[in-house]
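For reference, the structure discussed in these notes is given below.
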Amino acid sequence: MPELPEVETVRAGLAEWVSGRIVADVEVHHPRAIRRHLGGDFPARLRGHRLGAARRRGKYLWLPLSDTDECLLGHLGMSGQLLVRPAAAPDERHLHVRIRFTDGGPELRFVDQRTFGGLLVDELVPAQDLPGDAVPSLIAHIARDPLDAAFDEARFVARVRARHSAIKRALLDQSLISGVGNIYADEALWRTKLHGRRLAATLTRPVVGRLLAETRAVLAEAIVAGGTSFDALYVNVNGESGYFDRTLNVYGREGEPCDRCGTPIRREAFMNRSSYFCPHCQRAPRR
DNA sequence: CAAGGTACCTGTTAGC
DNA sequence: TGCTAACAGGTACCTT
């Protein structure tokens, strides 16, 4: 569920409420939440370490662990939440991991209805493209996201134009550009007046450049709004919803008039999910 | 290697 | 009311 703006909102919350604190104790209530953790006893790997500055690449989040070259890495999957709650607050229905701190302050809880998300301890490795920068080994293959100052725009445009697949598929490919999911892909395509089924290889450099600019714009605007929340599944670390859903132009708006031309928004199946688009502004290629 | 399909989960909602 | 099917923001892994 959460895409870059939602994950960035959570990252900012972790930076404010969790970074700098020392882990006292960790409880794992659901083993699936740490299924990607391969480094032995998960609580023991965290206990006693101070959590560093919260970082993010695409939809992944991490907090470096003091006195190690490791980090606590997390992904929210479709329904994951990282919540900062008072110890006395009742447990959430799908509370899978609890992290307590030595200061006795609010604890960090990983809550996840659909269990596609997870936490793990991972090793930090040098970033290949930027000296001095480090990234969790598990996500070293994922591209930087378009709000990252070191995002390589020319390389992205070239790689997209070498793709023999639909442009929406390329936008969702985290190894080309990270952080974009189904909602913001549809929004960026609408803003660029491109149909998601257009073949990436047929787009000109300027068009791909405009698509990237629109992608950046919609992601940045959504961050300001605290992300998109359709229901209580996506919330920030304090349990509050974002309000970017009011700004969406196409996603989830089947049958409603296009904000540009008034034509009813259409929905069609794509990659086992839904795509929303304006059939007038975004001309569909032949099947 | 690139491309595309499927599996992994639980909960909500629409339709009969 | 009760059952069933479709659908939901994502990624990993498998086959072609």
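Below, chains carry the letters A, B, ... as their sequence lines are ordered, and counting in each starts from 1. As the structure is a prediction and not an experimental result, all values here were calculated from the model.
Among the protein residues, Tyr184(A) comes within range of no part of the nucleic acid, since none of its heavy atoms lies under 4.0 Å from any strand. In this structure, Arg36(A) reaches the sugar-phosphate backbone alone: every heavy-atom distance under 4.0 Å involves primed, P, OP1 or OP2 atoms, never a base. Using a 4.0 Å heavy-atom distance criterion, Thr228(A) is classed as a base contact. When heavy atoms are screened at a 4.0 angstrom cut-off, Asp112(A) is found touching no nucleic acid atom at all. In this structure, Arg32(A) reaches the sugar-phosphate backbone alone: every heavy-atom distance under 4.0 Å involves primed, P, OP1 or OP2 atoms, never a base. Tyr60(A) comes within contact range of the sugar-phosphate backbone alone, with a heavy-atom separation under 4.0 Å but no base atom that close. The residue Arg163(A) sits close only to the backbone: its heavy atoms come under 4.0 Å of sugar-phosphate atoms, none of a base. Arg93(A) comes within 4.0 angstrom of sugar-phosphate atoms only, judged by non-hydrogen atoms across all strands, and of no base.
A salt bridge links Glu8(A) with Arg56(A); the closest basic N to acidic carboxylate O contact falls under 4.0 Å. Ionic pairing of Glu27(A) and Arg100(A) is present here: one or more N-O contacts between side-chain nitrogen and carboxylate oxygen are shorter than 4.0 angstrom. A salt bridge links Glu107(A) to Arg109(A): one of the charged nitrogens lies within less than 4.0 Å of a carboxylate oxygen.
Among the nucleotides dG4(B), dG9(C), dC9(B), the one closest to the side chain of Met78(A) is dG9(C).
Residue Asn182(A) has a polar side-chain atom (N or O) positioned under 4.0 Å from OP1 or OP2 of dG9(C). Close to dA8(C), at under 4.0 Å from its OP1 or OP2, lies no side-chain N or O of Ser79(A).
The base of dA8(C) is paired with the side chain of Arg114(A) by a donor and an acceptor separated by under 3.5 Å.
dG9(C) atom P lies 13 Å from atom CZ of Phe270(A), rounded to whole Å. One can place CZ of Phe116(A) at 15 Å from P of dT6(B), the figure rounded to the nearest angstrom.
Residue-environment remark: NE2 (His280(A)) stays at or below the threshold of 12 foreign heavy atoms within 6.0 Å.
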